[in-house]
Amino acid sequence: MSPGQQRDPIIEQLWRMAEMLAVPQPWTLAAFIERAEGVTGKRIRLLPAPGLVAEGAPCGLVLERAAEIVVAYDAMASDADVSHIVRHEVGHLLLNQIGRAPDRSMAEALDTVFPGLDPDEVLHALGPHDRGDERQCRCSGSSR
């Protein structure tokens with residue numbers, strides 16, 4: 001980088017995140033989740049859920065509650081897709097792209113994935129329907 005050239009703040013944020021995670025070697029999803037729990041300060045629970053598909057590809061959803069974070073993924077996804085989806089959703093968490101408090105329409109959508117969930121327990125949720133903003137990546141097969 002030449003003098004006077006500014007550093008990209010997004011790249012800097014990604015480097016800080018990578019340093020915080022201390023990516024495990026050898027890499028395993030379980031170890032990655034454990035490190036992410038240390039960063040977020042909350043338990044992260046992985047939950048297979050039927051029908052989590054966007055644009056024809058398996059997808060995920062993040063739900064933050066007071067005591068835990070739930071990362072749901074399409075129950076029919078392959079192991080490789082599950083690993084990708086979980087890393088993708090945890091990346092949103094670590095980049096503070098945690099979604100929004102559920103409104104009525106989101107509460108109805110959450111009820112299809114989490115039957116009986118009290119929407120008042122949900123602090124934030126981020127799912128495929130929230131990914132239209134170009135600052136966030138799209139949950140689709142074309143973005144992999």
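Just so you know, residue 1 is the first one in the sequence shown, and it goes up from there. Small disclaimer: the values here were computed from a predicted structure and weren't measured.
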Side-chain touch I85/P58, heavy atoms, less than 4.5 angstrom = yes
Check whether any side-chain heavy atom of L47 lies under 4.5 Å from a side-chain heavy atom of Y73, and answer yes or no.
-> no
Presence of salt bridge, K42 and E68, under 4.0 angstrom = no
Minimum-distance pair of heavy atoms, taken over all atoms of P50 and A75 | N-CB, 4.0 Å
For L29 and S83 the tightest heavy-atom approach is CD2-CA, 4.3 Å
When you look at CG of D118, are more than 12 heavy atoms from neighbouring residues, nucleotides or ligands closer to it than 6.0 Å?
-> yes
Between V122, I44, L63, which is the residue that forms a side chain to side chain contact (heavy atoms under 4.5 Å, CB included) with V70?
-> L63
Counting N and O atoms only, with roles assigned by atom type, does the side chain of D74 sit under 3.5 Å from a partner on the main chain of L52, one being a donor and the other an acceptor?
-> yes
Do the side-chain N and O atoms of H92 and H88 include a donor-acceptor pair separated by under 3.5 angstrom?
-> yes
What distance do I33 atom CD1 and T28 atom OG1 have between them, rounded to the nearest 0.5 Å?
-> 9.5 Å
Indicate yes or no: at least one non-hydrogen side-chain atom of I69 is less than 4.5 angstrom from one of R65.
-> no
